[in-house]
Protein chains: 2
Amino acid sequence: MEKCKADNLLKITNTVKTEARETILHAVLDSERPMSANELHLMVKNRGIDLATVYRAMKLFTEKGLVRPVHADSGLTFYEKSCEHNPPHAHFICENCGGIECLKPYGFDESAFFIKLGQQKEVSSVELILKGRCSSCAS
Amino acid sequence: MEKCKADNLLKITNTVKTEARETILHAVLDSERPMSANELHLMVKNRGIDLATVYRAMKLFTEKGLVRPVHADSGLTFYEKSCEHNPPHAHFICENCGGIECLKPYGFDESAFFIKLGQQKEVSSVELILKGRCSSCAS
DNA sequence: ACATCTTTGCAAATGATTTGCAAGTATAAA
DNA sequence: TTTATACTTGCAAATCATTTGCAAAGATGT
Ligand SMILES: [Mn+2]
Ligand SMILES: [Mn+2]
Ligand SMILES: [Zn+2]
Ligand SMILES: [Zn+2]
């Protein structure tokens, strides 16, 4: 219960709790879609939190496994919450507007597939990104 | 025959042929692994070709379908030749040394898989990147 | 409260990629 | 060939996301 609450997540990952981190983590948890550092900053700057702090938090949260970075080839990095309710999945990025969407889980045992792809290698993570035109840009 | 020769590729894609472009395209075609703009520049700077020109060529060649960009999440972009002898495939990037390797083709009809993933969307390209430790860094 | 280690805002630095511009080059018409 | 026009390139400066140095502020254990 309440496993995905900011407060609890910081505690179980042994992360020093500060106002900035709690605020930023809340912003990530509240977002349905992956967010860029800039977007997150827009949500928290009114509390005097700096963009550099957002970046530092993303680095820390990524190491702690609380967020996953999604690297758009535009050079932008988006961050999404990584908890049991949000398992790894592919992403769709619109070439026209740059918007990002999460795709539904693969629906089969993808880990076996990806590990087979990696063959004799130690695979620690996978990023699968499809590009195209999103529904709003298509019309 | 000779479908993957620089000269011919420029012609069949209606690309104005210049010394810089021919030289740069040769460098790409000669490379087994995807190359960064910087690496390509190292190979051609002795002929007075500027890094900016390499970037402009990569942009053009990508549009013409002669090369494919591979976006490492380090922020670096690698470029690999895109001809019938080198169909799309996944890539492996070493988290330790940053090196990139091409993986063997999937061995099944991946296009069907990726299109199903994209569902109701228009998918124009796919990037599948595995990360981990390369064989040399593992030892 | 004290000592110590960590975190943060701010400003400046990075590093890959892009762009403005003036000079050089390709292409086709004359 | 010349000439006119459009495209390409080197160079330097600009962008833009992200990182970092530093001094002040905050967290933690005593
Ligand atoms: Mn997602
Ligand atoms: Mn490859
Ligand atoms: Zn769109
Ligand atoms: Zn390596």
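The chains referred to below are lettered A, B, ... by the order of the sequence lines, with proteins before strands, and numbering in each begins at 1.
OP1 or OP2 of D:dT9 sits under 4.0 Å from a side-chain N or O of B:Thr18. When the side-chain nitrogen and oxygen atoms of A:Arg56 are compared with OP1 and OP2 of C:dT8, none of them lie within a distance under 4.0 Å. A sub-4.0 Å separation between OP1 or OP2 of C:dT17 and a side-chain N or O of B:Tyr55 is present. Distances shorter than 4.0 Å separate none of the side-chain N or O atoms of B:Ser36 from OP1 or OP2 on C:dA16.
In this structure, the CG atom of B:Asp50 is 6 Å from the P atom of D:dC11, given to the nearest Å. The distance between atom CD1 of A:Ile49 and atom P of C:dC10, rounded to the nearest whole Å, is 12 Å. The distance between atom CD of A:Glu39 and atom C1' of D:dA17, rounded to the nearest whole Å, is 13 Å. Atom-to-atom, CG of B:Leu76 to P of C:dT18 comes out at 13 Å; the value is rounded to the nearest Å. For the pair A:Glu22 CD and D:dG26 C1', the interatomic distance rounds to 15 Å; values are reported in whole Å. Spacing between atom NE2 of B:His41 and atom C1' of C:dT17 amounts to 14 Å, rounded to whole angstrom units. Residue A:Met35 contributes atom CE, which lies 17 Å from atom C1' of D:dA17 at whole-angstrom precision. Rounded to whole angstrom, the span from the CG atom of A:Leu51 across to the P atom of D:dC16 amounts to 14 Å.
Distances from the side chain of B:Val16 to the nucleotides C:dT27, D:dC11, C:dT8 place C:dT27 closest. Residue A:Ala52 places its side chain closer to C:dA11 than to any other of D:dT8, C:dA11, D:dC11.
Contact between A:Arg68 and A:Ser82 at its shortest, heavy atoms only, is NH1-OG, 3.3 Å.
Using a 4.5 Å heavy-atom cutoff, the side chains of A:Arg33 and A:Met35 are in contact.
Comparing B:Tyr79 and A:Arg21, the nucleotide of DNA chain C nearest to each residue sits closer to the 5' end for A:Arg21.
Salt-bridge formation is detected for the pair B:Glu101/A:Lys121: a Lys NZ or Arg NE/NH1/NH2 atom is positioned less than 4.0 Å from an Asp or Glu carboxylate oxygen.
A side-chain donor from one of B:Glu80 and B:His89 sits under 3.5 Å from a side-chain acceptor of the other.
Surrounding CD of B:Glu19 are at most 12 heavy atoms belonging to other residues, nucleotides or ligands under 6.0 Å away.
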